[in-house]
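Here the structure comes first, spelled out in structure tokens, and everything after it is commentary.
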Amino acid sequence: MKKYLFVYIVAGIALLAGFALHTSLLKAVPRQEVDNTAVNEIAKQASLFWRNLEQLNDMNFKYRFCILDNKNDVCYLSDESLPTSMQAAIRQGLLPIDVIVNSTVVGKALIEVYPGYYIGQAQTKLANSALIVFLLLGVSIFTGLLVLHINIVRPFLRLEEFAHKISTGKFDEPLPMDKSNIFGPFTNSFDIMRSSLLESRQKQLAAESAQKEFIASLNHDIKTPVTSIKLTSELLQASSNIDSSVIKKLKIIDEKADQISHLVNDIMSSALDDIGELRVDPASMESSALHSIFTKADDLSKTMLDDIPSCLLELDLVRMEQVIGNIITNSYKYAGTDIHVSFKIVEGFLHIYINDFGDGVAPEELELICTKFYRGENAKAANKEGEGLGLYIAKQLMERMGGGLEASNRDDGFTIALMVRLSR
């Protein structure tokens, strides 16, 4: 604590200055004894000559005074500089004495028992003392603030800058340590935390890299046999010596292979999204590209498109195919009706309304159907296959392309609205 001795000394000086001011104020106004005889003489003579107070001019009194009647009107002034009202006289320390004539109070004699000279002298001493004290306080405050800045504020600013670097992922630069200030041990703890975070970040990156490799390997390992199954099924369907019942079963195998392929794509997209690797690269393109996207996704030829407004859109073509494919597949699975698609330009976005004519979704489930792994009660009751990832992935992809996805019920069905950003 020796390094803060100077601060204590400055504080002590300020206290001493305060005591000096107090003492100076006590001594500023001299404690004179009031001459009661002189006071009474003024009151007596004022009573005797009440009808003709001008005769008081010929008398020699110790104190200056002013005489007021009961209406507070000035009857006599021994000096023109004296106050002429009761309030002003009391504020300046004049002593009020009753003037009595025939046992009746006829007025007041306001007597200056403490001369104004001493009051002026006291004011001067007070001003000088206050000036000195304020100067000392100013110096002490400035010194104290300087010490606080050097020993507390500056280390905190360094810690703030260090914390900002940590928040942006800069773990390589150590925090300069100054063990001479009170935050020395605290600074050391921060640097230990930095080292721990750096080690944790390296482990996280290694784990994410291993996870991506595993996902890619698993995706390949599953899709390879699925592709073989699909090709074999298509080849057998093309054979002319197979009866219709076998062809029907081969078509089922073909559809299941497609379903497995979709599920693998969804699971892979979800896993990549968890580790921040679900990349979207929007580019400017003609809105007419949407027609081919819907055509590819409409395997059952149940989709009817209105005219697409001619405009430029910001979208990732591959990701948009994935979005529309997921929505059309969901409609096939849960509604099983025709699909009507309409378009409208609204405030910088092309709105795409994908409408089916099924039973829709329970109102309490509307906010949940785009949640990861959520499956509605109708899907569970109908024992429909799925992982609850289609609409979740579609919404994530739309938002990463700068747009959005909303779901709503209609009186005659269910609508998914896609908002695609127009090119600027």
Side-chain angles (χ1 to χ4, degrees), residues 252 255-256 258-274 278 280 290 293-306 315 319-347 349-421:
I252 294 173
E255 291 173 1
K256 293 298 181 181
D258 284 336
Q259 188 176 7
I260 293 172
S261 182
H262 281 301
L263 288 174
V264 170
N265 286 335
D266 286 350
I267 293 172
M268 183 175 179
S269 296
S270 176
L272 290 175
D273 180 48
D274 285 341
L278 189 57
V280 173
L290 293 172
I293 294 176
F294 275 100
T295 302
K296 290 179 182 178
D298 186 23
D299 295 332
L300 302 182
S301 299
K302 290 186 175 184
T303 303
M304 182 183 70
L305 271 68
D306 286 353
L315 56 82
R319 295 304 187 185
M320 198 65 187
E321 289 178 355
Q322 190 174 352
V323 169
I324 293 175
N326 283 347
I327 294 171
I328 297 295
T329 300
N330 268 13
S331 181
Y332 287 167
K333 187 187 301 182
Y334 299 115
T337 67
D338 290 340
I339 300 170
H340 174 242
V341 183
S342 60
F343 305 87
K344 184 179 181 182
I345 295 177
V346 181
E347 296 181 352
F349 291 86
L350 175 64
H351 287 219
I352 305 173
Y353 302 100
I354 304 174
N355 309 292
D356 64 39
F357 301 91
D359 295 331
V361 177
E364 63 273 11
E365 293 183 344
L366 274 176
E367 296 295 326
L368 302 173
I369 59 172
C370 292
T371 305
K372 193 173 187 178
F373 299 124
Y374 182 82
R375 302 186 69 228
E377 292 300 324
N378 59 343
K380 296 175 184 177
N383 197 26
K384 299 286 187 180
E385 296 182 358
E387 300 295 329
L389 290 171
L391 288 181
Y392 165 77
I393 293 171
K395 185 173 183 179
Q396 294 298 312
L397 291 173
M398 289 303 302
E399 289 177 353
R400 294 194 184 196
M401 285 188 284
L405 181 151
E406 294 178 355
S408 61
N409 285 315
R410 306 188 320 279
D411 291 340
D412 59 346
F414 180 69
T415 296
I416 293 289
L418 302 179
M419 282 69 77
V420 183
R421 188 157 52 93

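Residues: numbered from 1 along the sequence shown. This is a predicted model, so every value here is computed, not measured.
Rounding to the nearest 0.5 angstrom, the gap separating the CD1 atom in I416 from the CE atom in M398 is 11.0 Å. Taken to the nearest 0.5 Å, the CE atom of M401 stands 5.5 Å off from the CE atom of M320. A distance of 4.0 Å separates CE in M304 from NE2 in H340, rounded to the nearest 0.5 Å.
By the 4.5 Å heavy-atom criterion applied to side chains, I393 and Q322 are counted as neighbours. Side-chain contact between D356 and Y334: absent, with no pair of heavy atoms (C-beta onward) separated by less than 4.5 Å. Looking at heavy atoms from C-beta onward, E321 lies in side-chain contact with K296 at the 4.5 angstrom threshold. Taking the side chain as every heavy atom from C-beta outward, F414 and N355 never approach each other to under 4.5 Å. When side chains are defined from C-beta on, L405 counts as touching I327, because their heavy atoms get closer than 4.5 Å. Looking at heavy atoms from C-beta onward, T415 lies out of side-chain contact with I354 at the 4.5 angstrom threshold. A heavy-atom distance below 4.5 Å is not found between the side chains of R400 and R319.
The heavy-atom pair separating I369 from L391 by the smallest distance is O-CB, 3.7 Å. When all heavy atoms of I324 and A297 are compared, the closest pair comes out as CG2-CB, 4.1 Å.
Here the options are L418, L315, V420, the test is side chain to side chain contact (heavy atoms under 4.5 Å, CB included), and the partner is L290; only L315 passes.
Remark: R410 is not positioned above the aromatic ring of Y353, lacking an NZ or CZ atom under 6.0 angstrom from the ring centre and at most 45 degrees off the axis.
Looking at residues two or more places apart in sequence or on another chain, you find a side-chain contact (heavy atoms from CB on, under 4.5 Å) between D338 and K302.
A 6.0 Å sphere centred on CG of D359 holds no more than 12 heavy atoms belonging to other residues, nucleotides or ligands.
Side chains of D306 and S342: a donor-acceptor N/O pair is absent below 3.5 angstrom, by distance only. Between the side chains of D298 and Y332, at least one donor N or O lies within less than 3.5 Å of an accepting N or O.
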